[in-house]
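Below is one structure, written out as structure tokens, with a few remarks after it.
Counting starts at 1 for both ligands and their atoms, following the listed order. These numbers come from a predicted model, not from an experiment.
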Amino acid sequence: MPRYETASRIARDGVVAVVRSHSPDLAREQALALLKAGQRVVEVSMTTPGALDVVADLSHGWPAHEALIGVGTVLDEATVRMSELAGARFVVSPTVNRTVLRAAHRYGMATLAGALSPTEAATAIEEGADFVKLFPASVYGADAVRHLLAPFPQLALVPTGGVPLELAPDYIRAGAVAVGIGSELTSGDPRSIEGRVRQLRTAVAREKAERTARA
Ligand SMILES: O=C(O)C(=O)C[C@H](O)[C@H](O)COP(=O)(O)O
């Protein structure tokens, strides 16, 4: 799948679900629960033991039109290459890392680069990142998205890190293209993931539709 298609699917979907677990089995269980509930974009963080095995299982075992699997906490070029071999379609890093961005684009993967300041956000787009992951979003809250977009309307922002489920629509209303959510979706009993996913996706889709109608 070409990079532009991956990026447009992430933007259209509006939710990046982040799996960060202490075991590969739990990560697999959480990711499967997310996908079965209708979540399309799932990121598995490299801090999860065996993360790339989980990514390979998901990306080879799930139809591509239903699942877009990516790797998070990518800090170096070797991890980018291994992510691509495991079938990942996008990589996420907590910082703006030129080497990671260049390697990911070389292999046709979409990129989300972490930034916490206007300077970092500008650097991320200058380095070609498809999305700027405003991270950790909880430091600022949804209002920061509106303020950042005033001088930088070209930013495709994906606030991530400490985004509570109930505040996700606020971030979208403020102008974010998508939100990244981990623990609030995956914590607790994996059987309760489905309800949370459906509620979140409905709220985000409604907010996106209203924004389109206002434009
Ligand atoms: O390292 C990365 O690439 C990340 O995406 C960082 C975190 O895993 C997310 O920020 C999720 O944060 P919570 O929603 O607060 O659980």
Side-chain angles (χ1 to χ4, degrees), residues 6-7 10 13-24 26-27 30-31 33-34 37 39 41-52 54-55 58 68-80 82-84 86 88-97 99-101 103-104 109-117 120-121 124 127 129-142 144-145 156-172 176-190 192-193 196-197 199-201 203-204:
T6 304
I10 293 172
D13 206 74
V15 178
V16 179
V18 184
V19 172
R20 183 195 292 286
S21 298
H22 52 75
S23 85
L26 182 59
Q30 291 174 338
L34 289 163
Q39 175 59 30
V41 184
V42 175
E43 165 196 337
V44 181
S45 167
M46 280 304 288
T47 59
T48 301
L52 293 178
V54 178
V55 167
L58 296 171
L68 209 53
I69 310 299
V71 177
T73 325
V74 174
L75 304 176
D76 55 76
E77 186 170 354
T79 308
V80 173
M82 289 191 293
S83 301
E84 194 257 340
R89 298 311 316 149
F90 65 96
V91 297
V92 186
S93 49
T95 61
V96 182
N97 183 316
T99 309
V100 166
L101 292 171
M109 290 189 281
T111 48
L112 294 87
L116 188 57
S117 70
E120 290 168 3
E127 295 294 348
D130 295 298
F131 300 94
V132 174
K133 174 176 112 165
L134 188 63
F135 175 75
S138 56
V139 170
Y140 285 134
V145 169
L157 288 175
V158 183
T160 307
V163 175
L165 293 177
E166 65 278 12
L167 293 188
D170 291 359
Y171 281 94
I172 299 291
V177 294
V179 287
I181 303 190
S183 40
E184 286 248 334
L185 271 180
T186 57
S187 61
D189 186 343
S192 65
I193 287 177
R196 279 176 274 169
V197 168
Q199 223 177 338
L200 172 67
R201 292 179 62 81
V204 166

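Residues passing the side-chain contact (heavy atoms from CB on, under 4.5 Å) test with A129, sequence neighbours excluded: L101, T111, A113, A124.
S138 and G162 get closest at one heavy-atom pair: CB-O, 3.6 Å. For the residue pair V42 and F90, the shortest heavy atom distance occurs at O-CZ, 3.7 Å.
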Return all side-chain donor-acceptor pairs below 3.5 angstrom for residues 178-189, not counting sequence neighbours, or 'none' if the list is empty.
{"from": "E184", "atom 1": "OE1", "to": "L165", "atom 2": "N", "distance (Å)": "3.1"}
{"from": "T186", "atom 1": "OG1", "to": "G182", "atom 2": "O", "distance (Å)": "3.3"}
{"from": "S187", "atom 1": "OG", "to": "S183", "atom 2": "O", "distance (Å)": "2.8"}
{"from": "D189", "atom 1": "OD1", "to": "R191", "atom 2": "N", "distance (Å)": "2.8"}
{"from": "D189", "atom 1": "OD1", "to": "R191", "atom 2": "NE", "distance (Å)": "3.3"}
{"from": "D189", "atom 1": "OD2", "to": "R191", "atom 2": "NE", "distance (Å)": "3.1"}
{"from": "D189", "atom 1": "OD2", "to": "R191", "atom 2": "NH2", "distance (Å)": "2.8"}

Under 3.5 Å donor-acceptor pairs involving side-chain atoms of residues 68-80, not counting sequence neighbours:
{"from": "T73", "atom 1": "OG1", "to": "S45", "atom 2": "OG", "distance (Å)": "2.7"}
{"from": "D76", "atom 1": "OD1", "to": "A78", "atom 2": "N", "distance (Å)": "3.2"}
{"from": "D76", "atom 1": "OD1", "to": "T79", "atom 2": "N", "distance (Å)": "2.9"}
{"from": "D76", "atom 1": "OD1", "to": "T79", "atom 2": "OG1", "distance (Å)": "2.8"}
{"from": "D76", "atom 1": "OD2", "to": "T79", "atom 2": "OG1", "distance (Å)": "3.2"}
{"from": "E77", "atom 1": "OE2", "to": "R106", "atom 2": "NH1", "distance (Å)": "3.0"}

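Atom CG of L134 sits about 7.0 Å away from atom OH of Y140, to the nearest 0.5 Å.
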Expected rows: ligand 1 N/O, protein N/O, dist below 3.5 Å:
{"from": "ligand 1", "atom 1": "1 (O)", "to": "R20", "atom 2": "NH2", "distance (Å)": "3.1"}
{"from": "ligand 1", "atom 1": "1 (O)", "to": "T73", "atom 2": "OG1", "distance (Å)": "2.8"}
{"from": "ligand 1", "atom 1": "3 (O)", "to": "E43", "atom 2": "OE2", "distance (Å)": "3.3"}
{"from": "ligand 1", "atom 1": "3 (O)", "to": "T73", "atom 2": "N", "distance (Å)": "2.9"}
{"from": "ligand 1", "atom 1": "3 (O)", "to": "K133", "atom 2": "NZ", "distance (Å)": "3.1"}
{"from": "ligand 1", "atom 1": "5 (O)", "to": "E43", "atom 2": "OE2", "distance (Å)": "3.0"}
{"from": "ligand 1", "atom 1": "5 (O)", "to": "K133", "atom 2": "NZ", "distance (Å)": "2.9"}
{"from": "ligand 1", "atom 1": "8 (O)", "to": "R20", "atom 2": "NE", "distance (Å)": "3.2"}
{"from": "ligand 1", "atom 1": "8 (O)", "to": "R20", "atom 2": "NH2", "distance (Å)": "2.6"}
{"from": "ligand 1", "atom 1": "10 (O)", "to": "G161", "atom 2": "N", "distance (Å)": "3.3"}
{"from": "ligand 1", "atom 1": "14 (O)", "to": "G182", "atom 2": "N", "distance (Å)": "2.7"}
{"from": "ligand 1", "atom 1": "15 (O)", "to": "G162", "atom 2": "N", "distance (Å)": "2.8"}
{"from": "ligand 1", "atom 1": "16 (O)", "to": "S183", "atom 2": "N", "distance (Å)": "2.8"}
{"from": "ligand 1", "atom 1": "16 (O)", "to": "S183", "atom 2": "OG", "distance (Å)": "2.7"}

